[in-house]
Every structure is written in structure tokens, then in C-alpha cells.
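Beneath this line is the structure, given in C-alpha cells, with notes to follow.
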Amino acid sequence: MSSLDNLNDQQKDGALCTEGPLLILAGAGSGKTSTITHRIAYLIRERGVAPYRILAVTFTNKAAKEMRDRLERMVGDASSMWILTFHSACMRILRMEHIYTGYSSSFTVYDPQDQKAVVKRILKEKNIDEKAISPAYILSVISSCKGVDKSYEEWRDENMDLPHNEKVYEVAKEYDRVLKNNNSMDFDDLLLNTVRLFKEHKEVLKKYQDRFSYVTVDEYQDTNFIQYMIVKMLSESHRNICVVGDDDQSIYQWRGADIRNILDFEKDFKNAKVVKLEENYRSTGNILKGANSVIRNNFDRKEKSLWTKKEEGEKIKYFRLDDDREEAHYTASEISRLVGTKGYGYKSFAVLYRNNAQSRRLEEAMVRRGIPYRIFGSIRYYERKEIKDILSYMRLVANPNEGESLLRILNVPKRGIGEKTLEKIQGYASAKNISLFESLHEEEVLSSLSDKQGKEIRSFIAAIDSISEEKDYVPILKVYERLLKETGYLDALLLEKTVEAEARIDNLMEFKSVIIETEKENQNINLTEFLETMVLVKEEILTQDEDDYVSLMTLHSSKGLEFPVVFITGMENGLFPSRRKLYDSSEMEEERRLCYVGMTRAKEKLYLLSANVRMLYGNMDYSEESVFIDEIDKSVLEGDYRRESKKAVRDGYSGTQYNPFEPVKKEMKSYEQEFASGDFVSHKKFGEGRVIEVTPPTITVIFQSEGVKKLALGIAPLERLKKEG
DNA sequence: TTTTATGGCCTTTTT
DNA sequence: GGCCATAAAA
């Protein structure tokens, strides 16, 4: 069970070193999670440490959950241990210690969308053109200041040469004021306010130092300065601090992660013990060799040599397809083939991509082949409009004076409250120094509205007030259902009668199961706590009908996971590595590390795919293959690297010219027979035309010469052509 | 004054 | 392809 027998010598070394600072440099797949979970289990079982004295910090909720599950299997009940992300740990602390912070315990957490809305509103108020200073830029300044605990004044003075530094400064200041007034924090505030709390109230810091006598930090290479401060402060008194990381897997420098944290650990924590884990247990020899040959091109790294006892295994496969659609269909057909002939379960597969926009095509292909899949990461369920809307309603009920939520949904569904009316009400509210929501109750405001507006608003506030009243006494599900019904949100969607509206309704119904699950998992959770969970835990908690599915996710979110078969799609310059990083060597190195992370997720089979032509941001682009393909040791690569096929595309794309794999050929054909309306097609007899609609078993096409024809799908000699170019 | 329709613009990765 | 700002319509 928690026996250390199945650890190797180095792992054992790490697991047994419980006192004093410890740095575990763990290469990809070297059993790092296993080492730290065994270490914690050892602390509890052999050294008699109480579980509640242990703090383990991770970066993602997925990693936290994984660690908790493993520990539960080893030591039984792990519920009193804090195994959390930095952000959730800080949120917990700030909520418990809220009396010191100037926030109430029910503070709201703003996600990036909320942040952007606030900044935009401030820009508008200050009459600053968004094109002159983009909200994204301001937010990046705000975030980088908060990440190193720098005041905006300092930033302004350091950047006198920047054109808008004074205005950026003002907006940032105002931004913080708005958040504070709304009793809310952004992600960076959660960390920063914790550090401030610890600095200003030593007794609070001491309380947590005393409680957490053993601190573990996973993915230490991705910590920023403020996270480093938290770790350092918490472990200062006892120095039982264990950090795990790999400089080759540092992929979050763009958001302020500071690689020096791991490189300087031995300086920061005197007499630290260092353990290196270099044996890879995950990947076959060829995959590891390929990944090593890529990462070797980075100059800025600690030299290390990952090795494996495993057999060489299959070579890494690289294929260049004609376009992104082919890439997706090839991926899907290859998954089907492997499931059908090699006995793989769908769970064995991961399809990785550089940015979330790429998931659409892949999703389509999975659907067409009936492959169960799950998208992790950012087309997040929680970022869908209807979910954000209903969450805003719930926030409003929990915290009626929080202005941002109200602003979001006051006119959703449409209540006839436009910009002018809103300004009028806001003017009234600030003159009287009351909240926006309170001002809606004032007779003076209500009577100034038109009949229709007045009616809508009266019923709106009546609904919110009535639901607020009982929010602490009824299940969250009840609050949710009443909101949907009584605010008119659901009715408005029902009235739309469009496909989109139906999809939204489906999502809203699905959200019920999220609520039910969450309430089941967390007994007696109140509305505020529920909402907090929703902001930080962005992964789908949805109950799956299927638990055997292919995982689709970004390269970033794949970190820490492993799969027997991995596809990395979009291996093209400009996409991966990203176009904006091509000309900066340190940013290129981060892209390369990302490639390394992706490749080392694979245990048995690794596919790298690229497309000649890709639909990006609405238009077709030709692309060249990624420099990373070039860097892979050719002795472990098979397929068609260095294949110049742009010409073929220009000479007449047919979509069938290229079949990378003999066994797949048939399947490739079968999807070639599938069409969607809008596709350009070519018919043996009728020439070129365009698909009007597809209604199996027939397809309707309008031909240039022959006009509209109804044809039999699968029988008519039709071929799909490239879409408009 | 609000709502709807059209056209131009950008486009990464996450807690 | 989607967001947002502006212009036309209700």
C-alpha cells in the first residue's frame, strides 16, 4: 500500500527526507506524484504526523484531485489535509480571516471576463478610446504588478517613457477601487491579499505556520514571486518545505511564473537537500529520445539526462495532411482503428492542440465518427453566456449590492433598459450614495421609467428580493430554478425557438446536475460557497454518461497527465510555435518546452500532425511545418517530414491525394463521402457545384451548368472540393 | 431610446 | 469565427 518498496532509490530518498528544505528535480514521467504522495503517506503513517498539519499546493484542480485520490487510497481519510491550488488555499484563508482584510467573508471572485468588463467601463467613463489603450494591456499591467507586489505608482514611475503610463495608472487605480467597493477580488488579489495579511498580521501568519508543519508545492517551476512569498512565509518557522519541479516543463512564464524560484531554491533555503529523478517510467525509448532531441535545443536549462529501461517501441509518427479538416478526420479515424483493432479504450487517447479554437474541428470529427470525447479546458462550460448569466443572477441573490453582476443581467432578458436609462439610474445611485440595486427600489427611480420599463423592473426586483429572502433556508437548486423561472430568463429563451436557444436551455438543464452533484459532495454548502467553487473550479463537474472518452485539451492543460496514445495537432510554424513567439528566443524556448511537455505525455504512441492549409480566424492560410519537427531526431521519426506539398495544393486540391497510412485508407475514403451544406463539390458528369442541403440518403446540389439536382449520397460520383479560397 | 442588422477587427496558453 | 462598435429600424 503505502510501502516504499516500489520506489527507486532516488524516489525513496525524496520520500524519506521529511525534515528541512527539499528540492525534487523531477523530469517528465519520473514518478514525481508518486514520490510526493508516498512522502506524505510516510509522514502520516510512520512519523505520526496528523493529516491536518499537511499543506500540499498544486497548480490545477485536476492535479489536486489526483493527489487527493491517491492519498485516500494510501492512508484512507484525507479530508482534513489541505490539498488545494494556490488560489483556493488563499481564498479559504482570506475567508476565514476576513475580519483582518477589510472584505466580508462572502467576497466575490472576478474571473477574466468580469475583469475586462470593469476595465472597459472605466475606460468609457474616463473617455479613453479602447483602441488607444486596450483593456487587455491594462489588465496585463495590473496583473504583473500584483504578481510581484508592486504598486501602480512604482510602475508608472518606472515607465515614464511609455505613452499612456499616466492613464494606465489611473485606470488601474480605479479598477482596484471598483473591485474593493464591490467586495470582490480577482485571481491575483487572492494571492496578494494573503501575502499582505501575513505581513500585516504576524499572529495570523503564525497560526498557519503552526498548523501547517509540512508544506509541499508541486510544479514549483511555475510559481510567481507572490506564490514564492506565500510558500516562504508559511515555512519560515519550521523549514519543512518540499518543492517539486522541472525547469524543462516551465510553461507559464507568460503569466509571471519566475523560473528563478526553482533555480535559486538552494540559495533561498539554506542546506536544502536536492534529489534528482531522472528515470522515466512513462514513455517508450523512441518517444523519450524524440522529446529529448527537441528540448536539447534550449540553451537556458539545467542539463539533465532522462533515461528509460523501456523498449524502444514504435517510432513517432508525423503526417502532414491537406487541411485542418483532414487532420481532424485522420485523428478520429486513427482512434477508431486503434480501438477496433488493438483493443484500446477511448480513455487511452489524448488529442492536444496549441489553442482552444482548434478544438472545434476535432470535436466535429469525433461527433461524426461517434467517438465519445470530452473537452477539457477553455471552451469552458462555465464561460458560456447562459451559464455566466445565471451565475450572475445567483451572485446577485447572494450579494445584492455587488454591482457588476447586476449590470450584467439587468437587461438580460431584455427589459427595455438601455444605456441612457442605466446612466440615469447610476447617477441617482451615486448621488444618494446607495447601491444600484437599492436605487431600483426607490419610488423616485421607478416612476421616472416608462410604463413597460417600470413593470419589468418591479417584477425583477420582486423576484430577486423574494428569492434572496429564502436563500439561506432552501437548497441551491431551488434558488436556481426560481431564478430561471421568475426572472423570465427561461421564457425568453423558449420564445426564441432557435437551435442556439435550445442548446442554451440544454446547458441550463445540465447545470442542475452540477448543482446537485456539488450539493451532494459538500454537505450544507451555502450559496456563497457554491459560487466560489464555481469560479475557481472551472473543470466540468458534470456527471458523465460515458466514462470512457477521448480527452481533448490544450497542450498547457495536459501538463501532469499521461496517455497511452497522444496526438499533437497543428504542428505548424505560426500556430505552434505561436506566431507571436517566433522572433523572441526566450519565448521560443517556452514554446519548445511546451512541445516537450506535450510529447512526454505519451506512453506508447505519439502522433504529430500538421496541415497544409488551415482555417484560422475565418480565412484559409497556408502553413509550413513546425520547426520542432525539424528538431526531432530523425532516427525515431517516421512519416513525411520535410515534405513539400504546397504546390500540390495550389494545383488542385482534392482532399484525397494523400493517404498517410495504408490501413486507414478505407476509412479516409468513407468520410470523404460526407458533405455539409455549403461545400463545393465536383460531379463526374455535372461538373462543379455547391451543396444546398444534406438529407440522408439524398443530397441537394446546385451545379454551375445543370442547376439544382437531388442525388443519392454514397452513390453519386461526388467529390468534395476546397471551400472558397 | 432601445433593439436589431451590418461591417470591421482581432485572434494563446490559466488560476 | 466571434466580438464590438456603429448605423439603421422599431
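For clarity, every value in this text was computed on a predicted model and none was experimentally measured. A note on names: the letters A, B, ... follow the listed sequences, proteins ahead of strands, and every chain is numbered from 1. No hydrogens, no waters, no symmetry mates; every other heavy atom, side chains included, goes into these values.
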Without hydrogens or angle criteria, can the side chains of [X] and [Y] be said to hold a donor-acceptor pair below 3.5 Å?
| X | Y | value |
| --- | --- | --- |
| A:Tyr220 | A:Gln227 | no |
| A:Asp389 | A:Tyr489 | yes |
| A:Asn399 | A:Ser106 | no |
| A:Gln253 | A:Ser250 | yes |

Interatomic distance, [X] [atom1] vs [N] [atom2] [rounded to whole Å]:
| X | N | atom1 | atom2 | result |
| --- | --- | --- | --- | --- |
| A:Arg592 | B:dT13 | CZ | C1' | 17 Å |
| A:Lys385 | C:dG2 | NZ | P | 15 Å |
| A:Lys581 | B:dT13 | NZ | C1' | 7 Å |
| A:Lys116 | C:dG2 | NZ | C1' | 11 Å |
| A:Gln113 | B:dT15 | CD | C1' | 14 Å |
| A:Ile230 | B:dT15 | CD1 | C1' | 12 Å |
| A:Ile251 | B:dT14 | CD1 | P | 9 Å |
| A:Glu219 | B:dT15 | CD | C1' | 13 Å |

[options]: which one has an atom nearest the side-chain heavy atoms of [X]?
| X | options | result |
| --- | --- | --- |
| A:Pro112 | B:dT3, B:dT15, C:dG2 | B:dT15 |
| A:Phe187 | C:dG1, B:dT15, B:dT14 | B:dT15 |
| A:Lys414 | B:dT3, B:dT12, C:dG1 | B:dT3 |
| A:His556 | C:dC4, B:dT13, C:dG2 | B:dT13 |

**OP:** Report the residue (A:Gly416 or A:Glu591) whose heavy-atom-nearest nucleotide on DNA chain B is the more 5′ of the two.
**Re:** A:Gly416
Subject >> Residue closer to the 5' end of DNA chain B, A:Leu422 versus A:Arg354 (nearest nucleotide) >> reply: A:Leu422
Original post:
By centroid distance (under 5.5 Å) and plane angle (under 30°), are A:Phe59 and B:dT15 in a stacked arrangement?
Top reply: no
What salt bridge (charged side-chain N to carboxylate O under 4.0 Å, His left out) pairs are there with at least one residue in [range], not counting sequence neighbours?
| range | result |
| --- | --- |
| residues 583-592 of chain A | A:Arg354-A:Glu591, A:Glu590-A:Arg593, A:Arg592-A:Glu631 |
| residues 416-429 of chain A | none |
| residues 567-580 of chain A | A:Glu572-A:Arg614 |

Original post:
Using atom P of each nucleotide, how far apart are B:dT13 and C:dC4 to the nearest Å?
Top reply: 16 Å
Strictly below 4.0 Å: does [X] bring a side-chain N or O up to OP1 or OP2 of [N]?
| X | N | result |
| --- | --- | --- |
| A:Asn356 | B:dT13 | yes |
| A:Ser578 | B:dT13 | no |
| A:Arg255 | B:dT12 | no |
| A:Ser557 | B:dT13 | no |
| A:Asn411 | B:dT3 | yes |

**OP:** With pairs defined as Watson-Crick or G-U wobble and both distances under 3.5 angstrom, please note down DNA chain B as a dot-bracket string, | for pairing with another strand.
**Re:** ||||||||||.....
Base, sugar-phosphate, or nothing: which does [X] touch, judged by heavy atoms less than 4.0 Å apart?
| X | value |
| --- | --- |
| A:Arg579 | nothing |
| A:Asp188 | nothing |
| A:Glu419 | sugar-phosphate |

Original post:
Mind checking whether A:Tyr252 and A:His556 have ring centres under 6.0 Å apart?
Top reply: yes
Subject >> Aromatic ring proximity, centroids under 6.0 angstrom, A:His87 and A:Phe187 >> reply: yes
Subject >> Inter- and intrachain pairs under side-chain hydrogen bond (donor to acceptor under 3.5 Å, both in side chains), touching residues 186-195 of chain A, at least two apart >> reply: A:Gln115-A:Asp186, A:Ser143-A:Asp188, A:Lys146-A:Asp186, A:Lys146-A:Asp189, A:Tyr175-A:Asp186
**OP:** Check A:Ser626 against A:Phe576 and note the closest heavy-atom contact, atom names and distance.
**Re:** OG-O, 3.0 Å
N/O contacts under 3.5 Å, protein versus nucleotides 5-10 of chain C?
unit_1 : atom_1 : unit_2   : atom_2 : d
C:dA5  : OP1    : A:Glu130 : OE2    : 3.2

